[in-house]
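Throughout, a chain's letter reflects where its sequence line sits, starting with A, and its residues are numbered from 1. Just so you know, these numbers use all the heavy atoms, side chains as well, and skip hydrogens, waters and symmetry mates.
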Amino acid sequence: MAADRAVLREGRCYAEVTPDPLHLQRLVELVVDDGAGAFATFTGTTRNTFQGKKTERLEYEAYVPMAAKKLLELCQQACARWQLCGAAIAHRTGVVHVGEASVVIACSSPHRRDALEACHWAIDELKATVPIWKKEFFEGGEVWKENEE
Amino acid sequence: MAADRAVLREGRCYAEVTPDPLHLQRLVELVVDDGAGAFATFTGTTRNTFQGKKTERLEYEAYVPMAAKKLLELCQQACARWQLCGAAIAHRTGVVHVGEASVVIACSSPHRRDALEACHWAIDELKATVPIWKKEFFEGGEVWKENEE
Amino acid sequence: MEVRVLFFARSRELAGASEATLSLQPGSTTAALMPHLLEQFPQLSELGTSFVLSLNQEYLAPGEAQPLKAGDEVAVIPPISGG
Amino acid sequence: MEVRVLFFARSRELAGASEATLSLQPGSTTAALMPHLLEQFPQLSELGTSFVLSLNQEYLAPGEAQPLKAGDEVAVIPPISGG
């Protein structure tokens, strides 16, 4: 049976795919560093509407080992491109109800621009490269979403 | 005796100046909205070094009522410029030790770009306009910092 | 030789399975995969060109042909939508 | 008429006080503030030009002269460093 979760760590990088609820504070604690003066985070959550219709829930499916690998690579690229103390990303799988988090990203750096830019880049890059799929369940139907990237 | 803290709320905006420790999760909860699909936060903390010297602590001083007013205006400008569900900023005064937060910003929006851009703009604008001062206490001295903006 | 094939999202629904084993001639490349998969799972044709393949957890460029060996892991990857 | 003056950060250290009351001629403008303050708190001259003033919690542009009234609140604002 394929594993339903994975955690990869390397140096200042942390990547996780999990069916469990995500907690922002936990991801922030993974990038804490006394040398950091700035922490930037991004959390993606399930919204209550989809193209004007009421969203009932989202369901995420992941190619777990490859998604974790791609998430770690993403963190490593961010650390190579910006001056970061730490970068951590966790993506949830399974049912994610309205208001719940599907993805949490936390970056820390000595100066603010690095953490802020890395965090923004990371969510854009995740949507373009990580093998995870989202199915929208709304009033009257369901559909596999496709990212625009 | 002048008040040592202030909280201002208006519509989707929240601004606070306080001597109490700041908590990221609390600020995030202030911008929670089922219509939001994205939450971006920024936390500024005291780093352990200053120009190569070991930082002992930072001490922040605020023109409390004007700082709170400017923080609220900042949130309002962010809401006018980007499509946000909520914007909240809290700045701490008094002693802020290494690793502790001096400022926390949380923005939420339906789509990720708005929250991410507003959050980045907000910390830049805060540093340029809000009447708060930081004194660095390091090995061998102390100095009032001046933002480059 | 046998390779393991994983199906995700819409490809999983169309194939009616989350994984399968493909028996291929030794010396086969990744170019042989879709013809064999479409034979075994004709519904996959509904994907059209809206998918890519991965080999051992690395994306294959469309049209890229990599040699396969026994035990390789391949996945059918419809348009992704993480985050 | 009396206006309330607040000192912050370095200006507070130089003045040796966090606030003061200034008695000014009725009809005075904000241009009268610094000459009076420098008289009462000569150490403030060490600020040089590294400060701005605020009037009732709005920044004054350097050189801007606004009319003052009794009870107004003015602050001496050295270079800020929040965040």
### Message
Quick check on the structure: residues of residues 59-66 of chain A within a heavy-atom distance below 4.5 Å of chain C, by number.
### Response
Tyr60(A), Glu61(A), Ala62(A), Tyr63(A), Pro65(A), Met66(A)
### Engaged part of Glu136(A) at the chain C interface, taking heavy atoms whose separation is under 4.5 Å
neither
### Message
Please determine whether the number of non-hydrogen atoms from other residues, nucleotides or ligands lying under 6.0 Å from atom CZ of Arg113(A) exceeds 12.
### Response
no
Extract all donor-acceptor atom pairs below 3.5 Å that involve side chains of residues 19-27 of chain C and protein atoms in other chains or at least two apart in sequence.
| from | atom 1 | to | atom 2 | distance (Å) |
| --- | --- | --- | --- | --- |
| Glu19(C) | OE1 | Arg4(C) | NE | 2.9 |
| Glu19(C) | OE2 | Arg4(C) | NH2 | 3.3 |

### Query
Hey, mind stepping through Lys70(A) and Glu58(C) against salt bridge (Lys or Arg N to Asp or Glu O under 4.0 Å) and telling me if it holds?
CA-CA 9 Å; Lys70(A) 288 298 173 193; Glu58(C) 288 296 342; 3.1 Å; yes
### Query
Among residues 85-104 of chain A, which ones touch chain C with a heavy-atom distance under 4.5 Å?
His91(A), Ser102(A), Val103(A)
### Task
Name the region of Lys69(A), side chain, backbone, both or neither, that has any atom closer than 4.5 Å to a heavy atom of chain C.
side chain
### Query
Roughly how far, to the nearest 0.5 Å, is CD1 of Ile80(C) from CD1 of Ile132(A)?
8.5 Å
#### Entry: Charged N-O contact under 4.0 Å between Glu13(C) and Lys135(A)
yes
### Query
With a 4.5 angstrom heavy-atom cut-off, which part of Ser54(C) approaches chain A: side chain, backbone, both or neither?
side chain
### Message
Between Trp133(A) (side chain only) and Gly82(C) (backbone N and O only), is there a donor and an acceptor less than 3.5 Å apart?
### Response
no
### Query
Do any of residues 10-23 of chain A have a heavy atom less than 4.5 Å from a heavy atom of chain C, and if so, which, in residue order?
none
### Query
Backbone N or O of Lys145(A) within a donor-acceptor pair of the Ser81(C) side chain at under 3.5 Å?
yes
### Task
Against chain A, label Leu6(C) side chain, backbone, both or neither, depending on which of its atoms sit under 4.5 Å from a heavy atom there.
side chain
